[in-house]
Amino acid sequence: MERFMKQIANSLSKQLMIDESILASWLEIPPNSEMGDLALPCFRLAKELHKSPQVIAADIADALVENELVESAVPAGPYVNFRLNRATAMEQVMRQIRDDDAFYHGAQGAGQVVAIDLSSPNIAKPFSMGHLRSTVIGTAIANLLESDSYQTLRINHLGDWGTQFGKIIVAYHRYGDEAKIKANPIQELNALYVQFHEAAQDDPSLDDEARAAFKRMEDGNEDDLRLWRWMIEVSLEEFAKTYAMLGTSFTHNLGESFYNDKMDAVVKEIQSLGLLVESDGAEVVMLEDVGLPPCLIKRSDGATLYATRDLAAALYRHKDLCADRLLYVVGGEQRLHFEQVFAVLTRMGYDFAKNCKHIAFGMMRLGGKKMSTRKGQVVRLQEVLEEAVGRAKEIINEKNPSLQNADLVAKEIGVGAVIFNDLKTNRLHDIDFSMETALAFEGETGPYVQYTHARSCSVLRKAYLLDAGVSPEQLVTHSQAIAQVDSQTVSLDDPTWELIKQLSLFPGLRNRAIDEYDPSLIAKHVLDICQAFNHFYHDCPILTADEPIRSIRLALTDAARLTIRNSLQLLGIGYPAEI
RNA sequence: GUCCCAGUAGCUCAGUCGGAUAGAGCAACAGCCUUCUAAGCUGUGGGUCGGGGGUUCGAAUCCCUCCUGGGACGCCA
């Protein structure tokens, strides 16, 4: 669609003597497609031309717009509504999809490395629905960036260090039943954590004990570290199952403990720059002048804090991993923390701080309340995924019992439903978890998109074109034939045209999703494409149509299929050819 | 108390760098399978865009203010 706008703006700029790119930015899509395909509001021209918008609109419409893309230009009050020549427009879109890689890919990021901090579950705790958000949003952003030629570093910043492990170790020694824990590590370790917090309410000395236990770990107590390493091992095993189901992978699995030996250098650097000041026994960097509270670097007992760790991690990613840009897909409640970390980096003279961005997202709630591992109020992602896959399997058994690879397809659909449900919603909204909503298979859902994709595959399969597609030459010939024979009455009917227009919006939306780090734009748009395709599918017989309409409809089906598939790929969702 | 995020149909949400009559899905009701996958398609009903001011030819969108919900605010991450 951006291409169409550019072409029309180009013609108009010659006529109006106004810059092409300004005109292109003024062009908009009318609220109702009956009005036209594109519109130019003339309000802003009124001041300059000293005429009413209505008169200007009429003048523009009257002048012959010399552009083969424009079918008609009619004034509608202060607007000029343009109709595009459907065959010409279709030919352009199809050529782009067929010949021009730029439809699905870009080169903006060539030579640039982006580090993405994502997922980051905590060791010895269940992988909850809360961590799903960071995982799927981060993955989709990484996919989007890679589609624009960026190199991405997908870093799983595991929560594997901190006082919480002191707590678990204390609880392990006090209440732990080794056999029970071995049998079901994560659940039992989390139960110990919950038990610790309950006990600590009555006996605050337990907290001191936990801090001491963690200090022992920092000092290298081998018994505690052995237990800690075991917790990491069993947690990673458990997480691996979830990641395998989600189809998520990382380039780096670097927990917080990885930076333990890198923090001294950072603290010394801050100190040597004269930024470190003592405050109430702790060491901080003052950030008052940029409107932020002080950033705590060292506790009064000399221990480091998570800001210190994030500073060390940022420098590692920049210096050792050579990342030009650092993204943090982390919940919105850590906004202030990242503002402080980035401000300290700036203060330290690191220019790359301006390329650091916290990609915040809303909180996953349960029954309106924050999920809490401490209170044991969590929904385990694995349970949700398994439930989703089970339901998908039931539906397949009912609707398509002879389907090959039914288990694999059920997995892709069930998991796709859960992922899509998360991605389609605005990042910053809090989500109150509902099994019913997460597992919906009808309406604006992942399975709806996958169903539409499989439908398009099915048609092409029956035409023996699933992999080959319709040749662009054939398509172009047919489009031109239609244009010549019948440019007035429009052989390309409305449902066909609506689908073409939806497809033409893809490159612009992909760019916007990259600029705004917002995968939901892709999710919402692919729903629009699916709606348009299903409408087209319903109204326009494809296989039984006469030539050249048949070829054109097949080509359009193929284009829709490719665009839906690309969208699902970007979102990290499977796209089975048959469901 | 200060700062940040959110508030649009019964529910979940689009639309938010100002443009025409504010759109989907779910739920409810009514239709469409001898025809390419009915996980689909069509139709009906449903709105003080949280309230109030302001800027503008034009405001859900920008500014101010208030209300509601959530979050953050130094030794947790």
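Letters A, B, ... are given to chains in the order of the sequence lines, protein chains preceding strands, and every chain is numbered from 1.
- Residue contacts for A:Arg44: at a heavy-atom cut-off of 4.0 Å it reaches a base atom on one of the strands shown.
- Within the nucleic acid shown, A:Ile579 comes within 4.0 Å of at least one base atom, counting heavy atoms only.
- Within the nucleic acid shown, A:Leu336 comes within 4.0 Å of sugar-phosphate atoms alone, with no base atom in reach, counting heavy atoms only.
- Counting non-hydrogen atoms under 4.0 angstrom, A:Glu256 reaches the backbone sugars and phosphates but no base.
- Across all strands shown, A:Ile123 has no heavy atoms under 4.0 Å from either base or sugar-phosphate atoms.
- Scanning residues 25-37 of chain A for heavy-atom distances under 4.0 Å to RNA chain B yields A:Glu28, A:Pro30, A:Pro31, A:Met35.
- Between B:rC5 and A:Arg427, no contact under 4.0 Å exists linking OP1 or OP2 to a side-chain N or O.
- Across all strands shown, B:rA59 remains unpaired; no Watson-Crick or G-U wobble contact has both distances below 3.5 Å.
- Applying the 4.0 Å criterion to OP1 and OP2 of B:rC41, one finds that A:Tyr448 has a side-chain N or O inside that range.
- A donor-acceptor contact under 3.5 Å is not formed by the side chain of A:Thr163 with the base of B:rC76.
- Using a 4.0 Å heavy-atom distance criterion, A:Ile413 is classed as a base contact.
- At the phosphate of B:rA14, OP1 or OP2 sits under 4.0 Å from a side-chain N or O atom of A:His429.
- Contact annotation for A:Ser279: base contact, defined as any heavy-atom pair under 4.0 Å involving a base atom.
- Not one side-chain nitrogen or oxygen of A:Arg365 sits closer than 4.0 Å to the OP1 or OP2 atom of B:rG69.
- Contact annotation: A:Lys369 does not reach the phosphate of B:rG70 (side-chain N/O to OP1 or OP2, under 4.0 Å).
- Between A:Arg455 and the phosphate of B:rG40, there is no side-chain N or O to OP1/OP2 separation shorter than 4.0 Å.
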